[in-house]
There are 2 protein chains.
Amino acid sequence: MAEREVDRSVSQTVKAQLALRDQILSGSLRPGERISELQAVETTGASRTPVRMALVRLEEEGLLEAIPSGGFMVKAFSERDISDSIELRGTLEGLAARFAAERGVSARELEPLKECLAAIDELLRQVPISIEAFSSYVALNARFHALLTELSRSPPLIRQIDRASALPFASPSGFVMAQSALPEAQQILIIGQEHHRVVIDAIENREGARAEAVMREHARLAVRNLRLALRNRTHLDLLPALALIKTTTD
Amino acid sequence: MAEREVDRSVSQTVKAQLALRDQILSGSLRPGERISELQAVETTGASRTPVRMALVRLEEEGLLEAIPSGGFMVKAFSERDISDSIELRGTLEGLAARFAAERGVSARELEPLKECLAAIDELLRQVPISIEAFSSYVALNARFHALLTELSRSPPLIRQIDRASALPFASPSGFVMAQSALPEAQQILIIGQEHHRVVIDAIENREGARAEAVMREHARLAVRNLRLALRNRTHLDLLPALALIKTTTD
DNA sequence: TCCTTCGTTATTGTATACATAACGCATACA
DNA sequence: TGTATGCGTTATGTATACAATAACGAAGGA
């Protein structure tokens, strides 16, 4: 069959996985909806085998749920699920910060973190922050969290944090974007930046408990703000992950 | 093709997954060794498609690692990886205990936990503990931890704890078995039981911080004892997961 | 003697055909 | 009219054929 257009730059499995994730997060596939393999084959352009592999991976990732009688459906999340996921990630990042502090980190390793910090400081100097600056902030914040996670030098922990961030609303970018809908967005970003500053200081001074505590507080702040943000959903259209939230909160 | 003997009671994918996990944990497949799909097909009796699905699931589970050029290899773990995994699980269970305490748990929900506690008390009354009693202990302890996790009523957290327990040495049963090699085994079990008692008390009295703290201490104790146990490996032959530990600690 | 290149082989990635189980609809009987 | 049973359709689970790529080895030239 030569009529199928094949992109050989990435594997069909990866292509299918990305395409399906996109469909889920964009809301083309609604929560609770069963995913038809045949339909997925048509929309992704891959054949059934890679599509099935992608479905298995997305299930492990937490975006899909296996149906006992066979097949997969898009998972639905309650507001509580979301806030728990954020707090969960905060707890893991707290452990990462503690590991970093207790195990010691060289000045050279801390350098990229400090650069991130300075770059964010620079952005926050504008009042009010522009849209472009905000999207830079989202990227820098994600980078800061990723670097911090790496500092733990614990592959099992890093792996688990990555898993916890797989759900888009639990990723650093996800909840930052949600919070941006709030009128107090700028102040929130400034407080978050203060947390970043404290965790670096704590790691530098080898204060494990303090490093851990501030990361957990960081997450708790995010949870509170997300709750507020979800109250006035009108501003949240930009958040693709919203498609996954159950309309009826339990 | 009717010559292949097929067991229709479970799906071929599940069968292959169980068979491969067995091979990994029993040490038939050594850490770092590449898993040949063809060989896996022969040993599991399933065909390539379900074998590949099983391999993907085992990778997500953390027992396998994808090789960039294709295929999978058995993952190898350092001693540090193992102790980190235990502490990680302790941290998550701490969060679960805190959620349970803060969100409130009815007396009826706490009942199974207390039954578990009483059953373990009964077992520990024998000095020294018999082999049969010990294996009962392993089962009861696993049940206690599972019930406690459930009490959090947080599906994302429960999911993550399950993931963290996938590695056999990080599961409740795994490290209890490791500790059993120590001469102080009985005392260790008694201290662990005290932790169980405290966490129930803390949840009952809605003391979230205390419930969390004791579960983390529970894990830290396990880490210390596992380190000791790994010193005299001669007694550890019973622990299948040992096959996954790198011989050269980094 | 070592490095490079080409060819062969083995193993993975992909596609599709076939088998089987589930779901829905229609019809018949109570 | 409602329920139950059976058949047909559809979708998933499984097996295998085919394609492509990476690894290994041999041979030739520098």
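Throughout, a chain's letter reflects where its sequence line sits, starting with A, and its residues are numbered from 1.
One atom, CD of B/Gln39, and another, C1' of C/dT11, lie 12 Å apart when rounded to the nearest Å. Atom CD1 of A/Ile67 and atom C1' of C/dC23 are 13 Å apart (whole Å). Taking atom CD of residue A/Gln17 and atom P of nucleotide C/dT14, one finds them 12 Å apart after rounding to whole Å. Regarding A/Glu37, its CD atom lies at a distance of 18 Å from the P atom of C/dC18, rounded to whole Å. Atom P of nucleotide C/dA10 and atom CZ of B/Arg34 are separated by 14 Å, given to the nearest angstrom.
Summarising the local packing, CZ of A/Arg159 is surrounded by more than 12 heavy atoms from other residues, nucleotides or ligands at distances under 6.0 Å.
Between C/dT14 and A/Thr13, a contact under 4.0 Å exists linking OP1 or OP2 to a side-chain N or O. The phosphate of D/dA23 (OP1 or OP2) has a side-chain N or O of B/Ser69 nearer than 4.0 angstrom.
Between A/Glu61 and A/Arg57, none of the side-chain N atoms (NZ, or NE/NH1/NH2) sits under 4.0 Å from a carboxylate O, so this pair counts as no salt bridge.
Within the 3.5 Å criterion, the main-chain N or O of A/Arg30 finds a donor-acceptor partner in the side chain of A/Glu33.
Comparing D/dT12, C/dT16, D/dT14 by their nearest atom to the side chain of B/Ser47 picks out D/dT14. Minimum atom distance to the side chain of B/Arg48 is reached by C/dG13, of the listed C/dA22, C/dG13, D/dT12. Closest to the side chain of A/Gln12, from the set D/dT12, C/dT12, C/dA15, is C/dA15.
Heavy-atom distances under 4.0 Å link DNA chain D to B/Thr49, B/Pro50 of residues 49-62 of chain B, given in residue order.
Taking the six-membered ring where tryptophan is involved, the planes of B/His145 and B/His196 are perpendicular, since the angle between them exceeds 60° and thus also 30°.
A/Ile35 comes within 4.0 angstrom of sugar-phosphate atoms only, judged by non-hydrogen atoms across all strands, and of no base.
Here CZ of A/Arg103 is found 9.0 Å from CZ of A/Arg153. Values are rounded to the nearest 0.5 Å.
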Original post:
Can A/Phe77 and A/Leu167 be said to form a side chain to side chain contact (heavy atoms under 4.5 Å, CB included), step by step?
Top reply: CA-CA 10 Å; A/Phe77 295 92; A/Leu167 265 34; 3.7 Å; yes

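No hydrogens or angles considered: a donor-acceptor pair under 3.5 Å links the side chains of B/Ser78 and B/Asp81.
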